[in-house]
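Numbers restart at 1 for each chain; the letters A, B, ... are given by sequence-line order, proteins then strands. From a predicted model like this one, the values you see are computed outputs, not experimental measurements.
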Amino acid sequence: MQPNDPAIRWAEEPKLGLAGKMYLPLFFQGLTTTARHLVSPKVTVSYPDQEPQIDNPLIYRGVHRLNKDEQGRVKCVACFLCATACPAHCIDIVGVESPWPDREKYPESFTIDELRCIYCGMCEEACPVDAIELTSLYNLTGRSREEMVFDKEKLLSVYDETKDKEPMRSLPIAAPRPE
Amino acid sequence: MYAELILALVKIALLVGGLMTAAAYFVLLERWIAAWVQDRRGPNRVGMPLTKIKLFGLGQPLADGLKFIFKEEYTPAHVNRGLFVLAPIMILASALAIFAVIPFGSAIPGQPIRGWLGDDSDRPIELIAAPGVNVALLYVFALSSIAVYGVILGGWASNNKYSFLGMLRSSAQLIAYEIPLGLGILGVVAASGSLELDRIINVQADTGVWFALAQPLGFVVFMIAAFAEAARLPFDLPEAEQELIGGYHTEYSGMKLLLFLVAEFLHMITASFLIVILFLGGWHFWGITGAGEAEVTWLSAILRIVVLMAKIFLVILFFMLVRWSWPRFRFDQLMNLAWKVMLPLGMVNLTAVAITVELEHTMGLSRWLSVAIGWTVCIAGWLAVAWAAPLAGDNRPRRELRPYGIDSQV
Ligand code: SF4
Ligand code: SF4
């Protein structure tokens with residue numbers, strides 16, 4: 001692009017008045033801003049003493065859960081879309097033929113390495129049946145690496161733990177959709 | 001005979017211990033203020049060691065110090081080893097040695113203390129490690145210039161381009177700011193007739209007019225130059241983190257880095273001592289502390305120490321607030337400010353002071369008239385600078401540039 005390109009918008013620097021050249025407005029502006037912030041309310045959350053306020057738990061990206069349908073079965077149909085979408089390659093699924101008539105496959109084992117996960121939420125975006133969701137549990141800790149690899153039971157138990165607070169984002173697959 | 005020696009050693013121990021503690025706690029204060037200004041809470045967890053008492057984070061300096069001591073001290077392979085080790089020692093040693101001539105109070109009654117030490121005189125004990133040095137100001141400025149050697153050696157020995165740039169900036173800044181600093185001081189020296197810090201305080205206490213009130217222009221010039229000397233924002237170009245990754249101490253770690261950081265805080269403390277002593281009346285406060293030559297009692301001695309420390313604390317607080325108030329100067333702006341603004345203003349102030357001092361001596365010019373002259377000169381000088389505006393550069397876009405002309409401009 002050349003300097004005389006019509007697409008360039010040239011901004012003029014405002015002209016300084018006498019007061020501006022004496023640095024006085026800047027001096028007082030700077031100090032008053034500083035002083036105002038010095039006494040203004042603090043935004044820090046003193047974490048262990050005080051729980052953070054999560055504005056909207058439904059869009060928070062914390063620990064995963066595997067949703068259950070209304071019969072208490074895992075909703076996942078082992079389509080591997082989440083594992084494919086996952087940029088961190090931390091989802092490991094073993095799909096086998098389903099014992100139920102309403103789907104072809106279901107996951108025999110489903111593990112997520114919560115340490116490798118970057119909590120991007122791609123898996124949730126990818127899932128066609130809304131089986132995998134990210135909850136608002138943020139304080140995830142463990143004593144070993146193995147403990148942080150969540151298997152199917154653990155992920156389903158996260159669902160049981162959070163289902164009242166955070167309803168599933170879609171209706172069960174068996175039910176007829178509203179549209 | 002031994003009494004003086006013991007007293008001197010006690011004073012040195014008090015000074016070094018006090019200064020190191022003060023530097024550590026000013027680091028904490030700086031972190032608090034940084035946090036508060038940014039709407040955070042700052043360090044408030046570390047309290048008494050081995051207990052659960054939090055004490056607003058007052059244990060933080062201890063934890064910081066321990067951390068520095070146990071950190072790996074890594075010396076890169078490409079450095080000049082001798083100078084690399086010498087630099088932090090030099091900077092800290094000179095920063096500490098300055099305090100030999102700086103009074104940290106007025107004087108305390110000599111009576112019981114001298115008695116214990118087997119000294120039969122009862123002269124008051126002056127609160128200076130080396131009392132009666134009549135070129136104290138020269139000593140301070142000689143040593144504070146040596147401190148810059150630490151920066152230069154550190155930058156050179158590190159053999160790293162960021163350190164090197166920081167060091168170059170530091171040298172240029174030193175040359176630019178020593179002169180206005182000296183001019184600011186000359187006004188005080190001319191008005192008080194002494195280079196001894198004690199005498200300078202006494203003159204202000206006797207007349208009751210602090211030099212900041214009598215020579216406001218000199219005060220402003222000295223203040224700005226002191227900020228630059230202490231390399232504090234808005235003049236912290238030698239270490240500008242965003243540009244130089246810490247400048248001259250980029251390659252340092254562990255204890256050596258600690259020495260640099262402590263020395264930096266000591267410079268700030270020195271600068272505030274000088275500002276307070278030269279311009280803000282030292283330990284003097286109207287109606288509380290009495291005149292310079294008044295009889296020394298325990299009450300007045302303690303009051304004076306309290307007043308002095310309170311003033312120094314306030315000046316340091318100002319240093320720390322300024323850090324978050326104004327953006328850093330660009331290097332050419334810094335040089336312009338030093339050479340085109342502060343140097344002439346310092347000269348104007350010195351001339352004005354010389355004239356008023358002469359008139360006071362020969363024609364008995366009243367003190368209030370000379371204060372009025374000082375303020376007139378200050379306002380006039382400042383207005384003149386604003387009118388001439390040597391700092392307001394022409395940053396307007398250059399539309400008439402031919403294509404590719406921009407490269408040649410750069
Ligand atoms: S949140 Fe992102 S990284 Fe974590 S499992 Fe889902 S897709 Fe993978
Ligand atoms: S995308 Fe959904 S249904 Fe498919 S494997 Fe993953 S969790 Fe199961």
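Contacts between B/V37 and chain A at a heavy-atom distance below 4.5 Å involve backbone atoms as well as side-chain atoms.
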Hey, can you pull the donor-acceptor pairs under 3.5 Å for the side chains in residues 24-32 of chain A, sequence neighbours left out?
{"residue": "A/T32", "atom": "OG1", "partner": "A/F28", "partner atom": "O", "Å": "2.7"}
{"residue": "A/T32", "atom": "OG1", "partner": "A/Q29", "partner atom": "O", "Å": "2.9"}

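Each side chain to side chain donor-acceptor pair (under 3.5 Å) pair with one or both residues in residues 314-324 of chain B, not counting sequence neighbours, appears once here: B/E30-B/R323.
Annotation: residues 33-41 of chain A contacts chain B through A/T34, A/H37, A/L38, A/S40, A/P41 [non-hydrogen atoms, separation under 4.5 Å].
Within a 6.0 Å radius of CE in B/M309, more than 12 heavy atoms belonging to other residues, nucleotides or ligands are found. Atom CD of A/Q50 is surrounded by more than 12 heavy atoms from other residues, nucleotides or ligands within 6.0 Å. Dense packing is recorded around CG of A/N56, with more than 12 heavy atoms of other residues, nucleotides or ligands lying under 6.0 Å away. Within 6.0 Å of the CH2 atom in B/W382, the count of heavy atoms belonging to other residues, nucleotides or ligands does not exceed 12.
Scanning for ring-ring contact (aromatic ring centres under 6.0 Å, His included) contacts around B/F211 gives an empty result, with sequence neighbours left out.
For chain A, the option among B/L321, B/N44, B/D39 with the highest count of heavy-atom pairs below 4.5 Å is B/D39.
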